[in-house]
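Input: a single structure, listed below in structure tokens.
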Amino acid sequence: MKKFIVLFTGLLLGSFLSVNAQVSTNKIPVASDVKIGTLPNGLKYYIKYNAKPEKKVELRLVVNAGSILEDDDQQGLAHFMEHMNFNGLAHFPGNELVHYLQSIGVGFGNDLNAYTGFDQTVYMLPVPSDDKETLDKAFTVIADWAYGSLLTDEEIDKERGVILSESRLGKGADDRMMKVWLPLMLNGSKYSKRLPIGEDDIIANFKYDVIRRFYKEWYRPELQAVVVVGDMPVEEAEKLIIEKFSAHKNPANVRTRPETFELKPFSSSNAIVVSDAEADMTYVNIVGSARVKPKTITEADYLNDVVDQLAYTMIYSRLDEKVNSANPPFIYAYAYNDGWARGYESFNGVAACSPDGIKEAVQSLVVECIRVKKFGFTDQELERAKASVMSRYEKQYNERTKTESGRLVNEYINNYLEGEPIPGIEWEYNFVKDHLNDIKLANFDAMRKTIDIDQNYFCYVTTKTSEKNPTNEMLKSWVDEALKSDIKPYVEKQIASSLLKSEPKPGSIVKTEKNEKLGTTTYTLSNGAVVCIKPTTFKNDEIVFKGSKFGGYSTYAGKDYQSAQFCNNAVEEMGYGEFTAPDLTKFLSGKNVSVSPVVDDYTENISGNCGVKDIETMFQLIYLKCTEPRKDAEAFGSFITRYKQQ
């Protein structure tokens, strides 16, 4: 479910964006500073030197096998196998692995970890890189994960209880409801029958050879990759991979690993309300039919991905406007293009609302999505979205020499598993900078067609059990009613052109103090404010600040104390100066800046950050938020309504 917050994944269906004739023919390059190789046994490896953080390296073993490959008698054993790789390895029998790693400062859970998905299993090991013996042992660990698991009868039996306990912990309302709606959303595909946690009865009773069969058949070198990113020489890492993994052999008779498992489009529309007595939130979801996800190979494919980013940025902005309206139909909402099954994608709309507001939420969500499909976007929306997308690329580019290894490894994992391009941030930044302005409103036509909920859809609601809940038939009728409603084009609202109506009158510096030991300069200003500045090189494009004074909730009388606790949220919701909260977000599109005033029990604070080029905007925003909080009865009412819903 965590994937739902990712708004900018997925590509356009079958579209070929001919913004620039040259773009369409060129293949996306692979970054020159990434060493990619394949051993004779088929194991692939990715190595990149990265100096941040110093004296540390991130290791990953990626297995292109997950719960989707389980036989009927193995349901849950892909995940079980992940656990077993911490309970007895060729070079670390019993619990020696965890004990050894803890002795070198690698904590179990927060550093050493792993996860099992439908299609893959990934093992994570960050280790110090300043000791050759430690590094050698670390590569031995990931090699043992790949082909050195002992899988003794005793350790398997010990782990059954651990897995069953984990299964029990997950059997809450969300799990119970998911087991109702997921098979319908996945349209009867194999994915609906292969949740990684598996079946309790199988976990409790499977024969030892059943899990050994899974390990032997699917943990083979031609289905594995090693990723090494960190502060160690590339040649040294490659040498260790060759040394540790060359003995790994493929079995004599291998089973074919299908690239994808079929997920059929919906043959009709369907809606279902799923309730549980322990559900603590109400969610509305509407999903379009699954379709094959195109691969990103050429520059045109990459530019289509940028178009998708722009589109979902604009859709999110519109939904956020609804959140801040006088009578908000939902607490929050978003849309995205992605899927649960590898190689497939679909349009998804999601909203959180009150149990009494399901009709308003689902209809508003449907209308906003179809409004985009029918009429597209405005020039002003596109310019703001371009500024936001460019700002994200620019920040990553400016910080390219300070990016930590832990943030880079997933790119190479995704390249191995799904072919995600890895040209590097320099290429991506320059490509987007060169081609972003070529994208016009007409280039969204293909994307808009992927909003297919006006054809066949699956709508599901998860909520607390109540007699007031709608029936499945009512929910479907609400969706159909919204689809047939008279939808008008989006109307752009004019906003102020500058943050401040007039420049504040400057004061003066009355005292300057330097601290050579701390590397700081402290100024006392004529209004009594004390400002301390310290230059650093931790980031290339980041300025951070925090200001504080004594005060806070504690200064209010008892009758106002609870109201004071809500002031942070309420003030932000009402906006500042001439700007409503949504308008301020629009104005700041493309600017790398954040300013947050916060009242605590005993202090009042203001903090934030910005990129170097946006420092003027940051100071204007500080002044605006400190001097012109906005009284907006409509926005205040919206905040109260949403808080009650939540």
Side-chain angles (χ1 to χ4, degrees), residues 30-31 33-50 57-66 68-69 78 81-82 84-86 89-92 97 112-117 119-127 129 135-151 212-230 232-259 342 405 408-422:
V30 174
D33 59 352
V34 183
K35 174 77 174 181
I36 302 175
T38 305
L39 298 182
N41 59 13
L43 182 136
K44 196 169 185 177
Y45 57 86
Y46 299 76
I47 309 170
K48 177 180 169 62
Y49 174 77
N50 190 63
V57 63
E58 295 281 348
L59 304 180
R60 300 291 186 271
L61 174 70
V62 187
V63 185
N64 188 18
I68 196 68
L69 297 177
M81 185 60 241
E82 172 212 312
M84 290 307 300
N85 260 339
F86 297 92
L89 302 173
H91 295 88
F92 302 91
L97 174 63
L112 173 71
N113 215 326
Y115 67 86
T116 304
D119 287 288
Q120 71 279 333
T121 308
V122 178
Y123 296 86
M124 298 167 271
L125 180 58
V127 292
S129 63
L135 270 179
D136 186 88
K137 279 197 172 184
F139 278 81
T140 298
V141 170
I142 58 174
D144 272 4
W145 283 338
Y147 66 107
S149 188
L150 297 178
L151 293 173
R212 292 170 187 150
R213 184 177 84 232
F214 184 89
Y215 188 58
K216 180 181 178 181
E217 289 181 338
W218 301 119
Y219 274 62
R220 57 187 200 241
E222 64 181 15
L223 293 178
Q224 294 176 334
V226 174
V227 180
V228 182
V229 181
M232 74 176 295
V234 172
E235 297 78 12
E236 186 179 328
E238 186 175 36
K239 181 182 177 182
L240 284 168
I241 291 170
I242 294 169
E243 176 188 327
K244 304 292 184 181
F245 289 87
S246 291
H248 192 7
K249 306 296 183 185
N250 289 294
N253 299 307
V254 298
R255 293 174 65 179
T256 301
R257 200 287 189 216
E259 186 177 346
R342 179 186 289 180
S405 301
L408 296 172
V409 288
N410 286 335
E411 292 186 25
Y412 311 126
I413 293 172
N414 292 336
N415 176 266
Y416 173 67
L417 293 172
E418 301 196 45
E420 180 181 302
I422 48 172

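For the numbers below, each heavy atom of this structure counts, side chains included, while hydrogens, waters and symmetry mates do not. This one's a predicted model, so the numbers in the text were calculated from it and none came from an experiment. Start at 1 with the first residue, then count along the sequence.
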Self-check item: Lys244 with Asp136: basic N within carboxylate O range, under 4.0 Å
Solution: yes

Self-check item: Distance in Å, Gln224 CD paired with Leu43 CG, rounded so as to fall on 0.5 Å steps
Solution: 6.0 Å

Quiz item: Nearest 0.5 Å, what's the CG-CG distance between Leu89 and Leu97?
Solution: 5.5 Å

Quiz item: Between CZ of Arg342 and CG of Leu417, what distance do you get to the nearest 0.5 Å?
Solution: 5.0 Å

Practice problem: Answer yes or no: is there a side-chain heavy-atom contact under 4.5 Å between Ile241 and Ile47? | Solution: yes

Practice problem: Please answer whether the main-chain N or O of Pro251 pairs with a side-chain N or O of Arg220 as donor and acceptor at a distance below 3.5 Å. | Solution: no

Quiz item: Under a 4.0 Å N-O cut-off, is there an ion pair linking Arg257 with Asp119?
Solution: yes

Practice problem: Quick one: do Val254 and Glu222 satisfy side-chain contact (heavy atoms from CB on, under 4.5 Å)? Show the steps, please. | Solution: CA-CA 10 Å; Val254 298; Glu222 64 181 15; 4.1 Å; yes

Quiz item: Any side-chain heavy-atom pair from Trp145 and Leu125 closer than 4.5 angstrom?
Solution: yes

Quiz item: When you look at His248 and Asn41, which way does the side-chain hydrogen bond (donor to acceptor under 3.5 Å, both in side chains) test go after all the steps?
Solution: CA-CA 7 Å; His248 192 7; Asn41 59 13; 5.6 Å; no

Quiz item: Mind checking whether Phe86 and Tyr123 have parallel, tilted or perpendicular rings, split at 30° and 60°?
Solution: tilted

Quiz prompt | Pairwise side-chain contact, Phe245 with Ile142, heavy-atom cut-off 4.5 Å (strictly under) | solution = yes

Self-check item: Within-4.5 Å side-chain heavy-atom neighbours: Trp218 and Thr121
Solution: no

